[in-house]
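Counting from 1, the numbers follow the sequence of the chain as shown. When reading the values below, keep in mind they use all heavy atoms of this one structure, side chains included, and skip hydrogens, waters and symmetry mates.
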Amino acid sequence: MVTVNIGMLHYILDHVYGAFVHRTKITPPFFSRGWGGTKLELLERLISQLFPEVEGQNWPPSLIQPIWRTVWETQNACLREGVFRTPCDEQLLSALPPESHNARVAFLVPKDVPPQKMACVVHLAGTGDHTFERRLRLGGPLLKQNIATMVLESPFYGQRRPMLQRGAKLLCVSDLLLLGRATIEEARSLLYWLDSEAGFGKMGVCGLSMGGVHAAMVGSLHPTPVATLPFLSPHSAVVAFCEGILKHATAWEALREDLAAKKAAMTLEEVRERMRNVLSLTDVTRFPIPKNPNAIIFVAATDDGYIPKHSVLELQKAWPGSEVRWVTGGHVSSFLLHNNEFRKAIVDGLNRLEWKESSL
């Protein structure tokens, strides 16, 4: 009986946190400027083109050349920050805000270890994760196991945030799709750089919440096997914005008015149905199974107020061979308390990959 009560407390904590952050008007809601007009139509078209025409064929990532500076260096490790032009094509680039055109990464690497004997994991941002610090703290203890950490600053976040955007509250629905599409492109290019330029022996991609959805997509679309590690992640953004706590943080009335300006008046339920249709593009179960399903480990929370259990199980069902691990807690408490479980999943996922053949 105690377990049930503690589980309920975790679930309630998610709702209390969600009510405080999303219903108190401290910050504006998501999508206060509407759907995004022609940008949304462009993104819907570009995302539907993501899927390879022939199963197992993925378009090759673009090569990037980050410009690096050293932030600090010790006897055992080095932290560098890099800047590179986003590899998005001209159509995506024209839709991205100018502030997001240059990408930033932090790169934490063990010293005096040849790269072919090291692994590196690209860490993608969850909703509201504007800085490198939290993800560097997650990856830092893995240095002693010869696992490097690369942290990507998302488009629309941190120094890449558009001037009019408050915090993580994206202005238009099209921004959410654009953030995801650009993140996929940038993360695949970083993995390609780690492989072909830096010469790492193994690679992985992980992320928490929204970052986990993007990590799953990157793992699916990358042309070579990588460890794919989504943490506290739904199978689709539909779950977050139409079922979970974030539905209370969405500007449904502004979205209704935006649609009404173009068509006949719509009910809020019809607006929500339109949102479900648009966000179905983010459904990871539609994406190809990654090259090494054995190296996919989902970590999910037993009492998550943001991500229902059925969403996690849909992912596992769509990707046979993948593993789901459960931690006791809600979304917020697991985010705070279960970093060791996330680290263990990273180590185990990488251990299920073969070392790359050395070209020497």
Looking only at the side chains, is there a donor atom on one of T285 and D283 sitting less than 3.5 Å from an acceptor on the other?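 T285 vs D283: donor-acceptor pair found between side chains.
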
Would you say H235 and S311 are linked by a side-chain donor-acceptor pair, where the criterion is simply a distance under 3.5 Å?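 There is such a pair between these side chains.
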
Report yes or no: do L315 and V239 belong to one cluster of Ile/Leu/Val/Met/Phe/Trp/Tyr joined by side chain heavy-atom distances under 4.5 Å?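 Unlinked, L315 and V239 end up in two clusters.
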
hydrophobic_cluster_shared for L152 and V226, side chain cutoff 4.5 Å: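 V226 and L152: one cluster.
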
All side-chain hydrogen bond (donor to acceptor under 3.5 Å, both in side chains) counterparts of R274, not counting sequence neighbours: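 Result, side-chain hydrogen bond (donor to acceptor under 3.5 Å, both in side chains) vs R274: none returned.
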
E253: what forms a side-chain hydrogen bond (donor to acceptor under 3.5 Å, both in side chains) with it, not counting sequence neighbours?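 In terms of side-chain hydrogen bond (donor to acceptor under 3.5 Å, both in side chains), with neighbours along the sequence ignored, E253 is linked to R256.
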
Give me the atom names and distance for the closest heavy-atom approach of T228 to G219.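 Distance-wise, the nearest heavy atoms are OG1-CA, 3.4 Å.
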
Is any side-chain heavy atom of P290 closer than 4.5 Å to one of H222?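 Of all side-chain heavy-atom pairs linking P290 with H222, none is under 4.5 Å.
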
Name of the residue among T282, L176, V278 meeting side-chain contact (heavy atoms from CB on, under 4.5 Å) with F241: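 For F241, the side-chain contact (heavy atoms from CB on, under 4.5 Å) check succeeds only for L176.
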
For the side chain of [X] and the backbone of [Y], is there at least one donor-acceptor N/O pair under 3.5 Å apart?
X	Y	result
S280	N277	yes
S189	L63	no
E270	T267	yes
K356	F200	yes
R343	L138	yes

As a quick check of understanding, evaluate salt bridge (charged side-chain N to carboxylate O under 4.0 Å, His left out) for R181 and E185, giving each step before the final call. CA-CA 6 Å; R181 183 69 173 78; E185 206 70 47; 2.5 Å; yes

Between R135 and E153, is the salt bridge (charged side-chain N to carboxylate O under 4.0 Å, His left out) condition met? List the steps. CA-CA 10 Å; R135 286 172 283 163; E153 182 181 67; over 6 Å; no

ring-ring contact (aromatic ring centres under 6.0 Å, His included) contacts in which one or both residues fall within residues 166-198, not counting sequence neighbours: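 Every ring-ring contact (aromatic ring centres under 6.0 Å, His included) pair that includes a residue of residues 166-198, provided the two are not neighbours, is W68-W193, F107-W193.
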
Strictly by ring-ring contact (aromatic ring centres under 6.0 Å, His included), give each pair with a member in residues 153-191 just once, sequence neighbours left out.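 Those involving residues 153-191 are H130-Y157.
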
Checking E81 against R104 for the salt bridge (charged side-chain N to carboxylate O under 4.0 Å, His left out) test, could you report, in this order, the C-alpha distance in whole Å, the side-chain angles of both residues, the deciding distance, and whether it holds? CA-CA 7 Å; E81 284 188 9; R104 288 198 324 136; 3.5 Å; yes

What distance do [X] atom [atom1] and [Y] atom [atom2] have between them, rounded to the nearest 0.5 Å?
X	Y	atom1	atom2	value
L108	I147	CG	CD1	12.0 Å
L190	L124	CG	CG	9.0 Å
R161	S100	CZ	OG	11.0 Å

Could you pull out all donor-acceptor pairs under 3.5 Å where a side-chain atom in residues 209-218 meets a protein atom, sequence neighbours excluded?
unit_1: S209; atom_1: OG; unit_2: H331; atom_2: NE2; d: 3.2

Provide the full list of side chain to side chain donor-acceptor pair (under 3.5 Å) pairs with a residue in residues 140-150, sequence neighbours left out, each pair given once.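 Listed by first then second residue: nothing to list.
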
How far apart are the C-alpha atoms of E341 and K344, what are their side-chain angles, what is the distance that settles it, and do they pass the salt bridge (charged side-chain N to carboxylate O under 4.0 Å, His left out) test? CA-CA 5 Å; E341 295 298 324; K344 186 173 185 329; over 6 Å; no

